[in-house]
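Structure first, then comments.
Every chain is numbered from 1, with letters handed out A, B, ... down the list of sequences. Just so you know, these numbers use all the heavy atoms, side chains as well, and skip hydrogens, waters and symmetry mates.
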Amino acid sequence: MGNGKETREPGEELMQKIVSLCKRRGFVFQSSEIYGGLKSAYDYGPLGVELKRNLMNEWWRDVVHSRENVMGLESSIIMHPEVWRASGHVAGFSDPLVDCKLSKERFRTDKAGPVEVQSDGRLVIRAPDKAAAKLWAEAVKTQHAPGARVETRDKDVVLHTKSVAPPAEGRPGKIVLAGFDGGPDVEIPYRGYVTPDFNCPFLSEERTFNLMFRSFLGSVDPLAEVVDVFVANKDKSKLELRALIEAALAKSTVYLRPETAQGMFVQFLNCLNAVSMKIPFGIAQMGKAFRNEVTVEHFTFRSCEFEQMEIEFFCEPGTDDQWLEYWKNERMRWWRQYANNPDKFVFRRHAKAELAHYAKDCYDIEYEYPWGFGELEGIANRTDYDLKKHAEASGQHLVYTDSARNDPATGKPPLRFTPYVIEPSGGATRGTLVYLIDAYSEETRRDAKGEPVVRTVLKLHPRLAPIKVGVFPLVKKDGMPEKAREIVEEFFRAGINSRYDEQHAIGRRYARHDEAGTPYCITVDGQTIQDDTVTIRDRDTTAQERIKVDEALSVVQARLGKI
RNA sequence: GCGGGUGUGACGCAGUGGUAGCGUAUCAGCUUCCCAAGCUGACUGUCGUGGGUUCGAAUCCCAUCACCCGCUCCA
């Protein structure tokens, strides 16, 4: 009763099967597993690396190779730290956050006010309901201020203060509470603010959010500097010490990029100068990005190290709305064309309040994962925010020059302006997961004895499938293995990932390849030796056709060419 | 960060104090002319990790790591 297995949701069960398959067949492994694993880090195994690469290659082919006005870029993961100050990533995440020990709410300290104390010294903590008030009072009595006088009155938890001293001049603040039943006073620390909605002074330590992975460039050990600062400033407060340490580390501090986008903004001019393109044009890049996520969840869905496929599409201000419309449709078309269930991909427009500080408008392409809808790609109108910020910070003219048009101010060419940017930013890691989920299917069929058996098939699009062709001898004799090896060699030479397999009975080999997502299996049988024909089997229908050995390669190539 | 759950061979699981077992998979051989067939044999576990209690721990206790679910968070 009440055991996890019985209460498991269908989506949970599906995910568990997929995770299990991923490990068993070599799609995705937990990182550093032999050491107990590392939180939120995953490795792509022999089949997984093929799947992810195929997906990314398809994206590159579609957005770079199939368009005259999009060029590729691969910028470094570690960039000048000024990039992240200009973009707002450093400042945006330096606000300290604290957790309320009673309500468990997390808030920014700069949005919190001082404690409210009534004229008779009462400090009222306002719980959302009566039951919570009881629980909170109990927690205060036993954990947060043992020995203090605590009362509950309806939804309130009432404490009695004797004095309140906010922190000042490096001295920590404190609140002195009356003791229970005339007992000794109880002191609790006070940092000058309380939980906004509840007036609760029981708080966790201040924690600065660490969105970006920080590292140190240079071979000199940065910790030595930290130790020096610490030793020389022992008497300083935590806050002051922190500032001094930050300053000491600043000269070597670098960040792992939290998005690939900034590399493209920073190289905007170089790209434009190297490859002359008329506006509108785009720069595309795929690669790793890193974020210290608050919560990691759902297998590879949200992890600290992930891979992006991003386009920054530069267009003239005023045309940005129509290009947003264009790209959102293009990207949706692209995701859907490889899917068995295209209806599971939907748009979700961001509400105004939800938009990032740089965005004017944004659509997410969401996928219906087993746990619900979640983001797969975001198509945002980033306006001229990033180019302007980098222009300002670097002093460079990050503008587009149109020498064929007049500047209205001078009445003469050239016309210079900062382009607007439409950014389709897709997750390669998420895409890989999405297509694994989309492809996973189970069919019940009868085995040779008439018993029902479950056939697990990964119905991956042939262009995404890790192995394109399995080549088998029907049995291991009569020259069949030799013939099959000849065929597989031909596929190797043509650059098509193929596998020769002679192990076990033929049915098992088909089943293994169904589970791996191999779309086609070619089998050499007795008839091959007589008339040079083989069978080719389709993964999804299991139907077979007999084709000439000579045509095997071209038949497969033709089928793989289909989108 | 909070709360709940889980962790036993590659995978799925059984095993609630007496020195680990099943199924599948894997490997070898025989057999087999088409969908996880059959027969024979073989391999894989210091029970997530580290402590503790005990004569004795997969089993009880503590800590820790990882995963799952819910909340929170996601510039």
Kindly assign one of parallel, tilted or perpendicular to the pair [X] and [Y], based on the angle between their ring planes and the thresholds 30° and 60°.
{"X": "A:W371", "Y": "A:Y369", "answer": "parallel"}
{"X": "A:F314", "Y": "A:F268", "answer": "tilted"}
{"X": "A:F472", "Y": "A:Y510", "answer": "tilted"}

Pairing check on [N]: which nucleotide meets the Watson-Crick or G-U wobble criteria with it, both distances under 3.5 Å?
{"N": "B:A28", "value": "B:U40"}
{"N": "B:G23", "value": "B:C11"}
{"N": "B:C33", "value": "none"}
{"N": "B:G70", "value": "B:C2"}
{"N": "B:U59", "value": "none"}

Which of these nucleotides, [options], is closest to any side-chain atom of [X]?
{"X": "A:H89", "options": "B:C74, B:A75, B:C27", "result": "B:A75"}
{"X": "A:T295", "options": "B:C27, B:C73, B:C34", "result": "B:C73"}
{"X": "A:H298", "options": "B:C34, B:G70, B:C74", "result": "B:G70"}
{"X": "A:F299", "options": "B:C33, B:C68, B:U72", "result": "B:C68"}
{"X": "A:R24", "options": "B:C35, B:C34, B:C11", "result": "B:C11"}
{"X": "A:R302", "options": "B:G1, B:C13, B:C74", "result": "B:C74"}
{"X": "A:Y42", "options": "B:C33, B:C11, B:C68", "result": "B:C68"}

Where each residue is assigned the nucleotide of RNA chain B containing its nearest heavy atom, which of A:I506 and A:S40 is assigned the position nearer the 5′ end?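 The residue whose closest nucleotide sits nearer the 5' end is A:I506.
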By nearest heavy atom, map A:A41 and A:E33 onto RNA chain B; which one lands nearer the 5' end?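 Comparing both residues, the 5'-ward one is A:E33.
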Run A:M15 and A:F299 through side-chain contact (heavy atoms from CB on, under 4.5 Å) and show every step you take. CA-CA 9 Å; A:M15 269 317 284; A:F299 196 40; 4.0 Å; yes
Which whole-number value in Å describes the distance from [X] [atom1] to [N] [atom2]?
{"X": "A:L21", "N": "B:U24", "atom1": "CG", "atom2": "C1'", "answer": "14 Å"}
{"X": "A:F472", "N": "B:C33", "atom1": "CZ", "atom2": "P", "answer": "18 Å"}
{"X": "A:M15", "N": "B:G12", "atom1": "CE", "atom2": "P", "answer": "13 Å"}
{"X": "A:L433", "N": "B:C68", "atom1": "CG", "atom2": "P", "answer": "11 Å"}
{"X": "A:I34", "N": "B:A10", "atom1": "CD1", "atom2": "C1'", "answer": "15 Å"}
{"X": "A:R291", "N": "B:C73", "atom1": "CZ", "atom2": "C1'", "answer": "14 Å"}
{"X": "A:Q16", "N": "B:G7", "atom1": "CD", "atom2": "C1'", "answer": "12 Å"}
{"X": "A:E13", "N": "B:C69", "atom1": "CD", "atom2": "P", "answer": "13 Å"}

In residues 508-529 of chain A, which ones come under 4.0 Å of RNA chain B, going by heavy atoms?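 The answer is A:R508, A:Y510, A:A511, A:R512, A:E515, A:T523, A:D525, A:G526.
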For A:M480, report the nucleic acid contact type (base, sugar-phosphate, nothing); a contact means any heavy atom under 4.0 Å. base
Within less than 4.0 Å of OP1 or OP2 of [N], is there a side-chain N or O belonging to [X]?
{"X": "A:Q503", "N": "B:C27", "result": "yes"}
{"X": "A:K477", "N": "B:U32", "result": "yes"}
{"X": "A:H504", "N": "B:A37", "result": "no"}

Pairwise [atom1] distance, [M] and [N] [rounded to whole Å]:
{"N": "B:A37", "M": "B:G45", "atom1": "C1'", "answer": "30 Å"}
{"N": "B:C55", "M": "B:U64", "atom1": "C1'", "answer": "29 Å"}
{"N": "B:G50", "M": "B:A14", "atom1": "P", "answer": "24 Å"}
{"N": "B:A75", "M": "B:A66", "atom1": "C1'", "answer": "29 Å"}
{"N": "B:U44", "M": "B:A25", "atom1": "C1'", "answer": "12 Å"}
{"N": "B:C47", "M": "B:G18", "atom1": "P", "answer": "16 Å"}
{"N": "B:C67", "M": "B:C60", "atom1": "P", "answer": "24 Å"}
{"N": "B:C30", "M": "B:C35", "atom1": "P", "answer": "22 Å"}

Only counting residues at least two apart or in another chain, list the ones meeting side chain to side chain donor-acceptor pair (under 3.5 Å) with A:R499. none
Using only modelled atom types and a 3.5 angstrom limit, is any donor from either the side chain of [X] or the base of [N] paired with an acceptor on the other?
{"X": "A:E12", "N": "B:C69", "answer": "no"}
{"X": "A:R455", "N": "B:C35", "answer": "no"}
{"X": "A:S20", "N": "B:C11", "answer": "no"}

Is it the case that [X] places NZ or CZ above or below the six-membered ring of [Y], under 6.0 angstrom from the centre and within 45 degrees of the axis?
{"X": "A:R485", "Y": "A:Y500", "result": "yes"}
{"X": "A:K328", "Y": "A:F347", "result": "yes"}
{"X": "A:R291", "Y": "A:F306", "result": "no"}

Side chain to side chain, A:N381 and A:C362, heavy atoms closer than 4.5 Å: no
Would you mind reporting whether A:L355 and A:K360 have side-chain heavy atoms less than 4.5 Å apart?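 A side-chain contact under 4.5 Å is absent here.
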Find the distance between CZ (A:F29) and OH (A:Y44) and round it off to the nearest 0.5 Å.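 Between A:F29 CZ and A:Y44 OH, I get 12.0 Å after rounding to 0.5 Å.
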Atom pair CG/NE2 of A:L211 and A:H89 - distance to nearest 0.5 Å: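 Nearest 0.5 Å value for the CG-NE2 distance: 7.0 Å.
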Reference residue A:R455; test side-chain hydrogen bond (donor to acceptor under 3.5 Å, both in side chains); the match among A:E442, A:E515, A:E443: A:E443
Distances for protein N or O near nucleotides 41-48 of chain B N or O, under 3.5 Å:
none

